[in-house]
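Input: a single structure, listed below in structure tokens.
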Amino acid sequence: MTQYDHTTIEQARQRRWEVSGLYRSRVDWSRPKHYALTMLPYPSGDLHIGHWYAITPSDARARYMRMKGYNVLFPMGFDAFGLPAENAAVQRNIHPATWTKDRIEYMRRQLRSMGTMIDWEREIVSCDPDYYRWTQWLFKQLYEHGLAYRGEALVNWSPTLQTVLANEQVIDGKDERTGQPVVQKLMEQWFFAITRYADELLRYDDIDWPEPVRVMQTNWIGRSEGAEVVFPTTTGGGIRIFTTRPDTLWGATFLVLAPEHPLVDALTTDDRRPQVEAYLAQAARKTELERMEDSKVVTGVFTGGYATNPVNGEDIPVWVADYVLLSYGTGAIMAVPAHDQRDFEFARQFELPVVPVIEPAGGDLIAGEDMAESYVGPGVMVGSGPIDGVDTTLAKGRANPSIAATIDWLKEQGIGSGSVNYRLRDWLISRQRYWGAPIPVIYPGTGAIESVADEHLPVLLPEDVQFDGTSPLVSYAPFLDTVDAEGHPARRETDTLDTFMCSSWYWFRYLSPDFGGGPFDAEEAAYWLPVDTYTGGAEHAVLHLLYARFFVKAMRDMKVFDATATVMRIYGRDPDHLFDEPFMTLRNQGQVLGEERTGDRLVIDGETVNGRVVAVSVRVDSDAAPGDGVVVGELMRRTERSLQVATATATVTVEVPAEATVDIPSIPGTNDVNQLRHHLEVQRMSKSRGNVVDPDDLVVQYGADTVRTHLMFAYEWQKGGPWDSRGIMGSRRFIEDVWKLGEARYAEKQVDTATAGALARGLHQTIAKVGGDIEHVKFNTAIAALMSLRNELLQVLRAGTVPAAAWETAVETLLLLLAPFAPHVTEELWHRRGHRQSIHLARWPEADPEIARNPVVVMVVQVNGKVRDRIEVDPSIGEDEAVAAALASHRVAPYLDGGEPRTVITRLPNLVNVVV
RNA sequence: GCCGGAGUAGCCGAAUCGGUACAGGCGAUGGUCUCAAACACCAUUGGGGGUGACCCCGUGCGGGUUCGAAUCCCGCCUCCGGCACCA
């Protein structure tokens with residue numbers, strides 16, 4: 001038997017696969033298709049274990065589908081535009097294009113080491129002009145269909161990144177990449193009208209997506225039902241407000257406008273103007289972050305103006321406060337302090353009246369001045385004119401009787417109407433950056449906006465520019481100066497497209513990466529679309545995944561798929577609803593976290609100076625006991641020469657001066673503080689924490705097959721968990737055992753039919769188990785089943801208890817079942833066993849339920865639900881027989897104590913429960 | 001604060017429908033091999049009690065429903081993720 005040499009085998013197999021074009025995927029209408037997709041990576045230049053964790057299980061599933069007879073498309077590409085490349089240009093004077101290309105080249109090599117079935121001839125790179133030509137083309141389509149527009153809005157400006165950002169890219173008032181604060185600015189920018197699809201985006205009827213993602217998107221879209229009502233004023237126009245509680249209109253005692261609201265100026269009286277302007281200036285200065293930090297402090301200012309409550313004709317004061325946002329609803333609210341906690345706090349702060357209009361169910365109406373907090377529960381409407389006496393519940397929208405009655409009445413009176421609002425805002429897609437696809441628009445100077453003609457696409461990014469942290473496009477004349485359709489001088493748009501736009505349609509480009517007649521070739525699309533299984537991280541729930549859904553719906557409505565539908569009909573495929581959603585099944589993988597590690601146990605001698613310990617000597621000694629030194633304990637953290645040591649009783653800070661001695665017995669020579677190992681907790685891997693696992697090292701040490709298998713085996717895939725550097729040995733042993741089984745010369749010794757039957761049974765049960773588990777994205781249990789089969793085969797090999805033919809079948813079945821997980825070693829053994837064709841072209845074995853069926857099952861006998869006996873019975877055992885067997889058990893007899901059971905519950909053939 | 005998800009052995013994790021709790025792996029312990037160690041192989045491995053057949057306890061905590069609960073219901077605790085003046 002030859003030694004298992006993973007490096008030689010894996011490299012040779014990968015080369016052979018590439019040369020033979022084994023993984024080329026071509027349209028073949030005679031076979032069912034399966035489009036498997038994983039989220040395209042950003043070319044960070046270093047493939048980390050997370051990439052392996054995301055990609056290799058998806059590859060295993062794609063391989064399985066292929067063996068099941070599907071024609072599988074499994075492509076890969078790079079999301080290659082973005083800021084890091086530009087930062088590198090500024091910091092290291094490397095052109096973003098060069099930087100990106102180098103990194104992609106490096107990552108391709110690493111990706112290939114995984115041994116995936118990626119069809120590299122379909123690769124796309126989003127910064128290639130051939131690709132972004134169609135990104136620009138899609139922008140134009142959106143523009144021409146009124147779905148892209150230039151408008152002024154309050155937007156998130158990041159001073160750090162020197163660009164605006166979409167709402168989805170701002171978390172807690174900070175940008176999601178660098179965590180630096182953003183400020184709100186009123187700017188003219190390009191938007192996509194995603195809000196027009198808000199209602200359709202709330203529907204998930206035809207797709208199989210994880211519940212958390214659907215919930216997150218639903219919350220992000222934030223649909224709320226209510227009414228719009230106009231409050232007339234004497235000084236300006238009417239103030240339009242949105243409310244989800246129109247039934248409480250009779251309790252509105254003041255209005256509040258957002259600081260940026262256009263009517264603020266007109267409503268402000270001269271005597272209030274200084275205070276109002278001071279407040280507006282202060283509000284404008286605040287970053288989003290500061291605004292949120294201050295959210296507990298109620299601030300606001302009275303404008304001096306009044307508006308008339310249209311339901312009762314009362315004049316109420318108009319205030320300005322930054323807790324009202326211009327971007328939501330109408331930027332103005334009616335305040336009902338009696339029934340809204342924020343309004344209540346505001347009213348108490350500024351001594352505004354509180355008028356209750358809901359009499360609590362089963363309670364008494366409390367006078368406004370005596371209320372300690374707002375009342376938000378159910379009850380009966382009071383003091384509310386036409387809706388007096390109507391019940392109010394906790395239901396939202398028209399489902400609440402009081403709200404429905406009010407909306408009907410408002411409509412009748414012509415003072416308001418039902419209305420729906422969304423938290424979702426239009427997608428801001430301009431970026432004041434260089435490394436992105438230029439927005440294909442020019443400004444002739446007449447105030448008009450002209451899109452670049454299709455034949456002039458792509459608008460190329462100029463290469464010969466200088467980088468200083470701002471976009472060089474704004475000052476680069478050869479790019480900036482152009483001519484309009486009539487040949488008059490014009491200026492180019494200098495903003496580029498949000499990179500999320502590049503990734504909002506990339507799976508279409510895989511279909512025909514070189515196609516020149518459109519973003520994709522209808523002949524390919526008709527066969528492959530839509531994506532059947534999409535896998536990736538859940539962090540994209542409201543970014544990429546929401547944008548992608550919007551894009552498909554918009555493309556459908558812009559008739560981009562019409563030619564595809566025609567081709568589908570020719571081949572007898574019904575295109576109905578196939579372009580409503582991009583990804584039919586979505587699964588999110590979890591994350592591989594850093595491994596826990598105990599820190600060195602230290603013995604420190606020194607003296608205490610001003611309450612701190614200053615070390616004279618530091619020694620590593622795993623057996624040290626308290627009292628062996630001034631400080632004895634585990635090193636928890638180290639910052640420069642300062643150590644945090646956990647002793648039996650407390651955490652002590654120890655300073656280690658340069659002249660102190662450091663002694664680490666396991667490291668020869670002179671030691672220093674930097675060599676001490678500190679404690680690592682289970683947390684995300686990051687270079688600064690020093691808990692990163694490098695997959696390249698693992699491949700060298702264990703081989704890609706082992707790394708793949710282990711990543712799929714060690715965790716529940718959709719959950720992830722901490723890395724375990726010793727655990728991988730279990731997967732390595734498994735692969736080595738498979739090698740041993742595949743290479744073994746089997747010798748029949750004492751053939752025994754019972755063992756042969758058990759082996760065949762186990763084999764067919766494993767076939768069914770592994771296939772089912774892969775389909776349900778449960779890789780860990782699939783591999784566990786294969787390990788069990790391995791255990792069984794090792795025993796059979798030793799004992800020689802089955803016929804040689806049965807042995808051969810079992811070993812080859814094991815190889816077939818393992819092929820999707822460990823493609824190299826199975827391929828090697830397959831060929832060594834005399835097969836000419838690749839194992840990856842073989843069919844998945846068929847599980848025979850007849851063979852898999854157990855001839856006997858263990859029937860559990862319970863007394864009052866507690867297990868008292870286990871009896872082997874025939875699986876087809878009848879009720880009477882089972883009960884008789886149970887009652888006959890000598891383990892049951894004592895509980896019956898000679899009497900009769902009260903009831904007997906059976907779940908045949910597994911269980912009999914005797915109730916006494 | 002609100003909305004999701006999760007909590008099972010020393011660790012990672014199994015457990016179609018409410019029906020045998022812990023499959024598989026890691027680690028640990030003992031043994032074989034070795035001068036020794038590592039590797040490899042074999043065996044044991046939730047806790048407690050009993051000479052033994054066996055018995056009791058055990059799925060974050062406290063209750064409940066049920067013949068029977070890791071699984072369903074109610075109330076808590078902890079961790080992870082998302083949102084956060086959303087009118």
Side-chain angles (χ1 to χ4, degrees), chain A residues 171-173 210-220 222-224 226 241-245 248 256 258 291-292 294-296 298 321-325 327-336 340-343 345-346 421-425 538-539 541-542 588 590-591 593 595-596 682 710 713-716 718-731 733-734 736 769 772 776 778 780-791 794 798 857-870 890-891 894 901-907 910-916:
Chain A
I171 294 162
D172 289 341
E211 176 76 15
V213 173
R214 302 202 313 248
V215 168
M216 272 190 260
Q217 290 200 353
T218 302
N219 291 343
W220 187 262
R223 184 182 199 274
S224 53
I241 62 105
F242 171 75
T243 175
T244 53
R245 293 304 301 266
T248 62
V256 187
R291 215 159 140 159
M292 287 191 313
D294 294 347
S295 68
K296 282 166 208 102
V298 185
D322 65 4
Y323 80 88
V324 176
L325 309 171
S327 49
Y328 185 77
T330 59
I333 64 160
M334 66 167 188
V336 184
D340 180 286
Q341 190 56 24
R342 275 162 319 168
D343 295 346
E345 281 159 23
F346 195 87
N421 246 284
Y422 301 92
R423 208 183 76 107
L424 179 73
R425 293 184 237 167
E539 67 274 16
V542 291
N588 296 123
Q591 234 178 31
L593 303 169
E595 183 169 25
E596 184 167 20
V682 171
H710 186 63
F713 172 67
Y715 318 92
E716 189 187 331
Q718 300 184 56
K719 193 169 147 201
W723 176 252
D724 176 1
S725 53
R726 289 179 300 191
I728 192 170
M729 274 312 297
S731 299
R733 274 178 215 128
F734 170 56
E736 279 176 2
K769 169 81 178 152
H776 294 106
K778 298 184 74 175
N780 55 344
T781 47
I783 292 171
L786 290 172
M787 286 179 169
S788 292
L789 181 60
R790 171 266 317 249
N791 292 340
L794 283 173
R798 268 198 301 274
V857 293
V858 175
M859 184 178 79
V860 167
V861 182
Q862 297 183 332
V863 178
N864 291 338
K866 280 185 186 253
V867 179
R868 295 301 172 191
D869 201 1
R870 294 179 169 88
H890 67 278
R891 300 228 175 104
R902 199 141 54 98
T903 345
V904 178
I905 291 152
T906 55
R907 285 290 176 278
N910 297 312
L911 182 135
V912 174
N913 188 11
V914 181
V915 185
V916 296

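By convention in this document, chain letters (A, B, ...) are assigned in the order of the sequence lines, proteins followed by strands, and residues within each chain are numbered from 1.
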* Structure fact -> Across all chains, not counting sequence neighbours, the salt bridge (charged side-chain N to carboxylate O under 4.0 Å, His left out) partners of A:D340 are A:R342

* Using side chain to side chain donor-acceptor pair (under 3.5 Å) as the criterion, list what pairs up with A:R223, not counting sequence neighbours. => A:D199, A:E225

* Calculate the interatomic distance between A:Q718 atom CD and B:C80 atom C1'; express it in whole Å. => 16 Å

* Touch check for A:S731, heavy atoms < 4.0 angstrom, all strands: base, sugar-phosphate only, or nothing? -> nothing

* Test salt bridge (charged side-chain N to carboxylate O under 4.0 Å, His left out) applied to A:E539 - qualifying residues, sequence neighbours left out -> none

* Quick one: does A:D343's side chain have a donor or acceptor within less than 3.5 Å of a partner on A:V336's backbone? -> yes

* Working for ring-ring contact (aromatic ring centres under 6.0 Å, His included), residues A:F734 and A:F713 -> CA-CA 11 Å; A:F734 170 56; A:F713 172 67; 8.1 Å; no

* To do: Look only at the side chain of A:E345 and the backbone of A:V298, and say whether a donor-acceptor pair between them is shorter than 3.5 Å.
  => no

* Can you tell me how far C1' of B:C86 sits from CD1 of A:I333, to the nearest Å? -> 10 Å

* Keeping the roles fixed (side chain from A:Q217, backbone from A:A541), state whether a donor-acceptor pair exists under 3.5 Å. => yes

* Would you please name every residue forming a side chain to side chain donor-acceptor pair (under 3.5 Å) with A:D869, sequence neighbours left out? => A:S889, A:R891

* Produce a footprint string for nucleotides 41-56 of chain B: one letter per nucleotide, 5' end first; B if the base is under 4.0 Å from any protein heavy atom, S if only the sugar-phosphate is, - if neither. => -S----------SSSS

* Asked: NA contact type, A:N421, heavy-atom cut-off 4.0 Å: base, sugar-phosphate, or nothing?
  -> nothing

* **Minimum-distance nucleotide (side-chain atoms of A:R342 versus B:G27, B:C85, B:C3)** => B:C85

Considering only nitrogen or oxygen atoms on both sides, find all protein atoms under 3.5 Å from nucleotides 7-17 of chain B and state each distance.
{"residue": "B:C12", "atom": "O2'", "partner": "A:A714", "partner atom": "O", "Å": "2.3"}
{"residue": "B:G13", "atom": "OP1", "partner": "A:G720", "partner atom": "O", "Å": "3.0"}
{"residue": "B:G13", "atom": "O3'", "partner": "A:N780", "partner atom": "ND2", "Å": "3.0"}
{"residue": "B:A14", "atom": "OP1", "partner": "A:N780", "partner atom": "ND2", "Å": "3.0"}
{"residue": "B:A15", "atom": "OP1", "partner": "A:K778", "partner atom": "NZ", "Å": "2.7"}

* With sequence neighbours left out, write down each residue that passes side chain to side chain donor-acceptor pair (under 3.5 Å) with A:T330, or none if nothing qualifies. => none

Can you name the atoms? Protein N/O to nucleotides 62-67 of chain B N/O, anything below 3.5 Å, with the distance.
{"residue": "B:C67", "atom": "O2", "partner": "A:N913", "partner atom": "ND2", "Å": "2.1"}

* Structure fact -> Applying ring-ring contact (aromatic ring centres under 6.0 Å, His included) to A:Y715 and not counting sequence neighbours gives A:Y53

* **Audit row: A:E211, A:R214, salt bridge (charged side-chain N to carboxylate O under 4.0 Å, His left out) steps and yes/no** => CA-CA 5 Å; A:E211 176 76 15; A:R214 302 202 313 248; 2.8 Å; yes

* Kindly write out the residues that satisfy side chain to side chain donor-acceptor pair (under 3.5 Å) with A:S731, not counting sequence neighbours, or none if the list is empty. => A:H710

* Asked: Taking atom P in both B:C55 and B:A21, what distance in whole Å separates the two?
  -> 12 Å

* Euclidean distance, atom OH of residue A:Y422 to atom P of B:C86 [Å, nearest integer] -> 19 Å

* Asked: By salt bridge (charged side-chain N to carboxylate O under 4.0 Å, His left out), which residues pair with A:R790, not counting sequence neighbours?
  -> A:D737

* To do: Using atom OH of A:Y323 as one end and atom C1' of B:C86 as the other, report the distance to the nearest whole Å.
  => 12 Å

* How would you label the contact of A:R790 with the nucleic acid (heavy atoms, under 4.0 Å): base, sugar-phosphate, or nothing? -> sugar-phosphate

* Pairing string, 5' to 3', for RNA chain B - Watson-Crick or wobble contacts under 3.5 Å, brackets [ ] where pairs cross, | to another strand -> (((((((..(((......[....)))((((((.......))))))((((....))))..(((((..]....))))))))))))....

* Asked: How many Å lie between CZ on A:R223 and P on B:C86, as a whole number?
  -> 19 Å

